[in-house]
Amino acid sequence: MLEVRNLNVWYGAAQALFDVSLQVAAGELVVLQGLNGAGKSTLLQAIMGMSPRTTGTISYQNKSIERWEPHRRALIGLGYVAEDRRLFTGLTVRENLHLAARGDVSAREAQVLRLFPALASMLDRPSSRMSGGEQQMLAIARTLMTGPKLLLLDEPCEGIAPMLVVAIRDTLLALKRDGMPMLVAEQNHILAAHADRVITLAAGRLGATVSP
Ligand code: ATP
């Protein structure tokens with residue numbers, strides 16, 4: 001489904017990823033681990049088309065997408081949730097969801113509220129007045145409003161109150177059970193135990209792959 005081959009990424013003269021190759025097959029949960037600065041965010045951003053300079057190939061559903069703009073990658077089904085969530089904090093929960101929506105807005109909203117029922121009671125709240133965990137739910141829900149076919153999630157359970165970590169983990173696992181493939185960068189081993197494969201990155205290079 002997604003295949004990355006020999007990906008190199010540079011920030012100016014500094015190389016951040018070295019010859020990274022990986023695949024995410026239909027329905028798979030692949031977890032990417034590594035210390036701060038290992039290159040996890042860089043890898044997800046490069047897959048999404050947000051990196052300044054790259055070489056290598058990225059194919060998705062048998063199309064070579066490595067030269068495509070990010071919005072085009074989103075249109076064919078890549079859904080990305082950044083570590084910093086990138087919400088429109090001046091807008092309400094509902095407005096954040098609706099701005100992102102593609103297709104039947106009401107049907108999608110009903111679907112994401114089933115997945116994240118906690119959001120249903122705060123639709124009129126500005127997203128600036130939500131906790132970190134609630135904002136994370138909204139960030140994932142907003143990406144789901146685009147109807148993605150593969151999710152790229154950067155530290156979805158980081159810095160969040162334990163109860164909401166459990167809620168977010170369980171929702172992501174429910175999505176996986178429904179067949180949603182995911183590539184998740186995480187340091188905190190929340191999803192790794194449930195992954196089909198765990199890949200480690202160290203200083204921009206892939207290390208061992210483990211099947212838990
Ligand atoms: P973290 O969990 O801390 O975000 P990470 O594994 O996601 O770590 P990256 O953020 O991808 O790591 O960083 C990989 C390397 O690229 C680091 O050396 C980092 O300093 C560098 N880097 C990341 N973003 C930029 C940028 N915009 N400009 C220059 N260097 C960057």
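Counting begins at 1 with the first residue of the sequence. Both counts, for ligands and for their atoms, begin at 1 and track the order of listing.
Taking a cut-off of under 4.0 Å to the non-hydrogen atoms of A38, the atoms of ligand 1 that pass are 5 (P), 6 (O), 12 (O). Using a 4.0 Å cut-off to heavy atoms of L35, the atoms of ligand 1 that qualify are 6 (O). Which parts of ligand 1 touch E83 is read off a 4.0 Å heavy-atom cut-off, strictly below it: atoms 4 (O).
Counting only heavy atoms from C-beta outward, the side chains of L191 and L173 approach each other to under 4.5 Å.
Checking atom 3 (O) of ligand 1 against the protein gives a heavy-atom contact under 4.0 Å. At least one protein heavy atom sits closer than 4.0 Å to atom 25 (C) of ligand 1.
Contact annotation for D154 and ligand 1: no heavy atom of the residue comes within less than 4.0 Å of the ligand. Within the 4.0 Å heavy-atom criterion, the part of Q187 lying near ligand 1 is the side chain and not the backbone.
The closest side-chain donor-acceptor pair between D154 and Q45, if any, does not fall under 3.5 angstrom. A donor atom on one side chain and an acceptor atom on the other are found under 3.5 Å apart for N8 and T55.
Around atom 12 (O) of ligand 1, the closest heavy atom drawn from A46, G39, S41 belongs to G39.
Comment: E134 engages R125 in a salt bridge, judged by a side-chain N to carboxylate O separation of less than 4.0 angstrom. Contact check on R94 versus D124 returns a salt bridge, with a Lys/Arg side-chain nitrogen under 4.0 Å from an Asp/Glu carboxylate oxygen.
Put simply, the side chain of R108 gets close to the backbone of R102: a donor and an acceptor are under 3.5 Å apart.
Residues L123 and I140 share a single hydrophobic cluster, defined by chaining ILVMFWY side chains whose heavy atoms lie under 4.5 Å apart.
In terms of protein heavy-atom proximity, atom 13 (O) of ligand 1 is closest to T42 OG1, 3.8 Å. Atom 15 (C) of ligand 1 has as its closest protein heavy atom G37 O, 3.7 Å. Y11 CD1, 3.3 Å is the protein heavy atom nearest to atom 31 (C) of ligand 1.
In terms of polar-atom proximity, A16 is not counted as a contact of ligand 1, lacking any N or O under 3.5 Å from an N or O of the ligand.
Taking the centre and axis of the six-membered ring of W68, the NZ or CZ atom of R73 falls outside the cone set by 45° and 6.0 Å.
Ligand 1 is never approached by L17 to a heavy-atom distance shorter than 4.0 Å.
Other residues sharing the hydrophobic cluster of L99, ordered by chain and number and joined by side-chain separations under 4.5 Å: F88, L91.
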